[in-house]
Amino acid sequence: MSLWKQSVEIARVDLLVESRLGDSLKIILPFAIIALMIFSLAFGSDLISIGNAGPGVFWTIAILFGMQIALRAAALETEPRRDLTALLGLDPAARFLGRSLSASLLLGGFMSVLFAAMLLLFNPVLPTGWLWPVATSLVLSTIGLAMLSTLAGEVTVGLRNRTSLASLIVAPLVIPIVVGASQVREAMDRSSGILIWILLLTTTDLVLLVAGVGLSRPLEEASR
């Protein structure tokens with residue numbers, strides 16, 4: 001079985017598990033929307049301040065709650081399941097790619113709903129032609145956060161308080177993603193180029209991809 005087919009199969013299994021548990025849609029997403037509502041109420045009746053703060057609040061909540069979605073697959077992986085994966089001869093790189101793929105799909109749905117909720121609650125003034133640049137930044141940041149969280153989950157395999165430690169790893173390393181994604185809209189407001197920020201997001205994703213694939217086998221051996 002090719003690396004791509006192995007990755008797709010791992011992603012399919014992860015999505016099947018998530019569809020049965022449903023924590024992302026039933027717990028994490030509602031809490032994220034409630035957090036958006038609380039922030040919108042905290043600004044009082046100043047509609048201008050509420051609108052200006054909307055995108056920033058969105059990215060704050062999206063990253064904080066989104067990393068929990070991305071880390072779920074790694075947190076649910078048990079030692080017997082890792083042993084079974086090794087016995088089946090699956091490539092460790094396929095596990096990283098499959099986990100990143102499933103996390104990207106879950107995060108994509110989560111961020112899409114959260115972004116729609118932000119538009120409804122904050123009603124920000126968006127620049128003309130915002131759809132494709134913002135959509136591109138959302139896609140690139142989603143993929144980056146998924147790979148970063150998956151890599152953090154692999155690094156913390158076998159450690160006590162694994163989920164908390166993985167979150168601490170993700171939090172500082174996610175800064176390039178947050179900066180790149182948030183600056184896309186800011187650049188459009190200033191009528192300046194967004195290419196540099198798209199390149200920042202793309203470069204970050206490529207670095208995480210190379211690091212995840214390259215470190216997958218050493219991390220697999222270290223966890224045994």
Side-chain angles (χ1 to χ4, degrees), residues 32 35-36 39 43 48-71 93 96-97 99-155 166-216:
L36 271 179
F39 270 102
F43 285 97
I48 296 178
S49 297
I50 294 174
N52 292 335
V57 172
F58 163 76
W59 282 113
T60 301
I61 295 177
I63 295 299
L64 291 176
F65 284 85
M67 75 171 65
Q68 302 307 317
I69 293 177
L71 287 170
F96 169 77
L97 293 173
R99 289 279 160 78
S100 298
L101 177 58
S102 61
S104 296
L105 294 174
L106 290 172
L107 278 172
F110 167 78
M111 287 196 173
S112 298
V113 175
L114 193 65
F115 188 77
M118 185 274 292
L119 294 179
L120 180 64
L121 292 171
F122 288 83
N123 192 27
V125 178
L126 297 173
T128 304
W130 63 271
L131 181 57
W132 289 112
V134 170
T136 301
S137 66
L138 276 173
V139 171
L140 291 174
S141 59
T142 294
I143 295 172
L145 179 59
M147 289 193 293
L148 177 58
S149 300
T150 302
L151 183 57
E154 292 295 319
V155 171
S167 298
L168 290 175
I169 293 174
V170 172
L173 296 180
V174 81
I175 291 176
I177 297 175
V178 176
V179 171
S182 61
Q183 286 301 310
V184 167
R185 177 184 175 274
E186 292 293 328
M188 294 183 68
D189 286 340
R190 298 190 301 267
S191 298
S192 58
I194 64 171
L195 181 60
I196 185 174
W197 306 115
I198 297 297
L199 287 176
L200 174 62
L201 291 172
T202 304
T203 302
T204 302
D205 288 357
L206 290 175
V207 169
L208 289 171
L209 176 62
V210 172
V213 173
L215 293 175
S216 57

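At a threshold of 4.5 Å between non-hydrogen side-chain atoms, the residues Met147 and Ile143 count as touching. Residues Thr142 and Leu105 are not in side-chain contact: their nearest non-hydrogen atoms beyond the backbone lie 4.5 Å or more apart. Taking the side chain as every heavy atom from C-beta outward, Val170 and Leu145 approach each other to under 4.5 Å.
Here CG of Leu200 is found 11.0 Å from OG of Ser141. Values are rounded to the nearest 0.5 Å. Atom OG1 of residue Thr204 and atom CD1 of residue Ile175 lie 11.5 Å apart, to the nearest 0.5 angstrom. Atom OG of Ser104 sits about 12.0 Å away from atom CD1 of Ile69, to the nearest 0.5 Å. With values rounded to the nearest 0.5 angstrom, Thr203 atom OG1 is found 10.0 Å from Leu140 atom CG. From Ser149, atom OG reaches atom CZ of Arg99 across 13.0 Å, with rounding to the nearest 0.5 Å. The structure places CH2 of Trp59 at 9.0 Å from CD1 of Ile177, a figure rounded to the nearest 0.5 Å.
Qualifying ring-ring contact (aromatic ring centres under 6.0 Å, His included) partners for Phe58, counting only residues two or more places apart in sequence or in other chains: Phe115.
Contact record, Met118 with Pro55: SD-N, 4.1 Å, taken as the closest heavy-atom pair. Ala146 and Ala103 make their closest contact through CB-CB, 3.7 Å (heavy atoms, listed as atom of the first residue, atom of the second, distance). For the residue pair Leu201 and Pro176, the shortest heavy atom distance occurs at CD2-O, 4.3 Å. Contact detail for Ser137 and Val184: the closest heavy-atom pair is CB-CG2, 3.9 Å. Of all the heavy atoms in Gly144 and Asp205, the pair that sits closest is CA-OD1, 3.0 Å. Phe96 approaches Leu209 most closely through the heavy-atom pair CE2-O, 4.2 Å.
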Listed pairs under 3.5 Å, donor-acceptor, residues 129-136 side chains, sequence neighbours left out:
residue : atom : partner : partner atom : Å
Thr136  : OG1  : Trp132  : O            : 2.8

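In the displayed structure, Leu206 atom CG is contacted under 6.0 Å by more than 12 heavy atoms of other residues, nucleotides or ligands.
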Q: Might you work through the side-chain contact (heavy atoms from CB on, under 4.5 Å) test for Ile194 and Met188, ending with a clear yes or no?
A: CA-CA 7 Å; Ile194 64 171; Met188 294 183 68; 3.8 Å; yes
Q | Candidate pair Leu121 and Phe39, rule side-chain contact (heavy atoms from CB on, under 4.5 Å), full reasoning | A | CA-CA 10 Å; Leu121 292 171; Phe39 270 102; over 6 Å; no
Q.
The test is side-chain contact (heavy atoms from CB on, under 4.5 Å); show your working for Phe65 and Leu107 and say whether it passes.
A. CA-CA 10 Å; Phe65 284 85; Leu107 278 172; over 6 Å; no
Q.
side-chain contact (heavy atoms from CB on, under 4.5 Å), that's the test. Do Ser216 and Glu154 meet it? Break it down for me.
A. CA-CA 8 Å; Ser216 57; Glu154 292 295 319; over 6 Å; no
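Residue pairs satisfying the side-chain hydrogen bond (donor to acceptor under 3.5 Å, both in side chains) criterion with at least one member in residues 170-185, sequence neighbours excluded, are listed as follows: Arg185-Asp189.
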